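Below is one structure; the comments refer to it alone.
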Amino acid sequence: MVPRILLLGGTSEASALAKRLAARLAAHIADHAGLDVVLSLAGRTEHPAPQPVPVRVGGFGGAAGLADYLKAERIAAVVDATHPYAARMSFNAAQACAAAGVPLLALRRGPWMPVAGDRWREVADVPAAVAALGDAPRRVFLALGRNEVRAFEAALQHAYLVRSVDPVLPPLAVPQAQYVLGRGPFGEADDRALLEAHRIDTIVAKNSGGAATYGKMAAARALGIEVLLIARPAIPAVPAVETPAEAEAWLLHQLGAHGAVSSTGDTGLSAERGA
């Protein structure tokens, strides 16, 4: 039987891994006997980017529902390549894989780290970011999801710039808000031009890590703009890697151990703990 792989996606790393696995399938590389890859997306984006493997959209019904899915679909291995802030999905994956006896790997990008010139202030969550803006009017760039920006309707004194993949509908119930549609990656030069054009003095963002959305952080540093950075949530302690290449090697190693493929080499795994 061709082994089935479940890839929990929604990140550029997930897409990169899907492309690597699709290329491996297309090339019929001698060290594997075939793979069946399914990429799962939460469905929060109305028009997700095209993917090179079959896509499943929607939730599983919690950890128990995911465990049932793993058993029913005879999943041989799972790679959790969800967003660093999708903690609930990561915990569900850890619990479901433990219950179903399915190997699990997390593909997790490291967080951004401050460098000289950064004006970062870490806050616990979105409500804390709203409070941290204070009473004095600010011009705020909200680099958050469509649902999360709703919390800023509680702070009517600020002028907001919202960038999202899909339109924010209905618009925020605030006196001043402008909207920009876009899908990363976003470069420093373009983000600097955006921040200057809208006279932004504060950014609210997640510490997503990676290069795709770092442009605003570099631009903020160059312009001396304060960044309210929402802290990363706790995540489960499971074997983890940081690159799609390492995840591919882990998959080949896992499937080879079960006779599905043959592979050699170090998998480069680390035990990553939530923080």
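Since the model is a prediction, treat every value here as computed from it, not as a measurement. Numbers for residues simply follow the sequence, beginning at 1.
- Remark: Ile200 CD1 to Leu223 CG distance equals 10.5 Å, nearest 0.5 Å.
- Atoms CG and CG, on Asp80 and Leu7 in that order, are 9.0 Å from each other to the nearest 0.5 Å.
- The shortest side-chain heavy-atom distance between Leu195 and Phe141 falls under the 4.5 Å cut-off.
- Judged by distance alone, with hydrogens and angles left aside, the side-chain atoms of His158 form a donor-acceptor pair with the main-chain N or O of Gly134 at under 3.5 Å.
- Cluster membership check: Phe186 does not share its hydrophobic cluster with Leu161, using side-chain heavy-atom separations under 4.5 Å among Ile, Leu, Val, Met, Phe, Trp and Tyr.
- Residues Tyr179 and Leu172 form a side-chain contact, since some pair of their non-hydrogen atoms from C-beta on lies under 4.5 Å apart.
- Residues passing the side chain to side chain donor-acceptor pair (under 3.5 Å) test with Glu188, sequence neighbours excluded: none.
- In this structure, the separation between CZ on Arg109 and OG1 on Thr11 is 5.5 Å, given to the nearest 0.5 Å.
- Note on Leu156 and Val149: same hydrophobic cluster, where clusters join Ile, Leu, Val, Met, Phe, Trp and Tyr whose side-chain heavy atoms are under 4.5 Å apart, directly or indirectly.
- In this structure, CZ on Arg183 lies 11.0 Å from OG on Ser164, to the nearest 0.5 angstrom.
- Checking Asp118, Ile203, Val115, Leu229 one by one against Met217, the side-chain contact (heavy atoms from CB on, under 4.5 Å) holds for a single residue, Leu229.
- Between Tyr85 and His83, the angle of the ring planes lies from 30° to 60°, which puts this pair in the tilted group.
- In this structure, Arg139 contributes its side chain and His198 its backbone to a donor-acceptor pair below 3.5 Å.
- For the pair Ile235 and Arg108, the minimum side-chain heavy-atom distance is below 4.5 Å.
- By the 4.5 Å heavy-atom criterion applied to side chains, Leu17 and Glu248 are counted as neighbours.
- Crowding of Arg88 atom CZ: a count of heavy atoms from other residues, nucleotides or ligands under 6.0 Å not exceeding 12.
- The main-chain N or O of Ser208 is found under 3.5 Å from a side-chain atom of Arg232 such that the two form a donor-acceptor pair.
- Considering all non-hydrogen atoms of both residues, Ala132 and Val123 come closest at CB-CG1, 4.0 Å.
- Smallest separation of non-hydrogen atoms from Pro239 and Leu105: O-CD1, 3.5 Å.
- Arg119 contributes a side-chain N or O that, together with a main-chain N or O of Gly224, makes up a donor-acceptor pair within less than 3.5 Å.
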Original post:
Which is it for Leu228 and Glu226 under the side chain to side chain contact (heavy atoms under 4.5 Å, CB included) test, yes or no, and what are the steps along the way?
Top reply: CA-CA 7 Å; Leu228 298 180; Glu226 180 181 33; 4.1 Å; yes
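- No donor-acceptor distance shorter than 3.5 angstrom exists from the side chain of Glu13 to the backbone of Ala81, with no hydrogens or angles considered.
- With a 4.5 Å cut-off on side-chain heavy atoms, Phe152 and Leu142 count as touching.
- Asn207 is not listed as a side-chain neighbour of Pro84, based on a closest heavy-atom distance of 4.5 Å or more.
- In this structure, Ser12 has no side chain to side chain donor-acceptor pair (under 3.5 Å) partners at least two apart in sequence or on a different chain.
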**OP:** Evaluate the criterion salt bridge (charged side-chain N to carboxylate O under 4.0 Å, His left out) for residue pair Asp191 and Lys216; output intermediate values, then yes/no.
**Re:** CA-CA 5 Å; Asp191 274 352; Lys216 62 180 177 291; over 6 Å; no
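- To the nearest 0.5 Å, atom CD of residue Glu153 and atom OH of residue Tyr160 are 9.5 Å apart.
- Side-chain N or O atoms of Arg138 include one that pairs as donor or acceptor with a backbone N or O of Leu133 at under 3.5 Å.
- Ile75 and Phe91 are members of different hydrophobic clusters when ILVMFWY side chains are connected at heavy-atom separations under 4.5 Å.
- Summarising the geometry of Pro3 relative to Leu255, their closest heavy-atom pair is CB-CD2, 3.9 Å, with the distance given to 0.1 Å.
- Take Trp112 and apply the ring pair (Phe, Tyr, Trp, His ring centres under 6.0 Å) test, not counting sequence neighbours, and it matches Tyr214.
- Within the 4.5 Å cutoff, side-chain heavy atoms of Met89 are placed close to those of Leu66.
- Distance CD1/Ile5 to CG/Leu39: 12.5 Å, rounded to 0.5 Å.
- Arg150 approaches Pro171 most closely through the heavy-atom pair NH1-O, 3.4 Å.
- Tracing side-chain contacts under 4.5 Å through hydrophobic residues (I, L, V, M, F, W, Y), one never reaches Leu144 starting from Leu181; they form parts of separate clusters.
- For the pair Ala220 and Val227, the tightest heavy-atom approach, listed with the atom from each and the gap, is CB-CG2, 3.8 Å.
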**OP:** Verify side chain to side chain contact (heavy atoms under 4.5 Å, CB included) between Trp250 and Leu107, making sure each step is shown before the conclusion.
**Re:** CA-CA 11 Å; Trp250 178 88; Leu107 175 53; over 6 Å; no
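- Considering only heavy atoms from C-beta on, Leu6 comes within 4.5 Å of Tyr69 through its side chain.
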**OP:** Kindly indicate, with the supporting measurements, whether the criterion side chain to side chain contact (heavy atoms under 4.5 Å, CB included) is fulfilled by Leu194 and Arg163.
**Re:** CA-CA 10 Å; Leu194 179 70; Arg163 181 165 65 190; 3.8 Å; yes
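- At least one donor-acceptor pair under 3.5 Å links the side chain of Arg56 to the backbone N or O of Gly58.
- Across Ala96 and Ala67, no two heavy atoms sit closer than the pair CB-N, 3.5 Å.
- At a threshold of 4.5 Å between side-chain heavy atoms, the hydrophobic network of Ile, Leu, Val, Met, Phe, Trp and Tyr places Ile230 and Trp120 in two separate groups.
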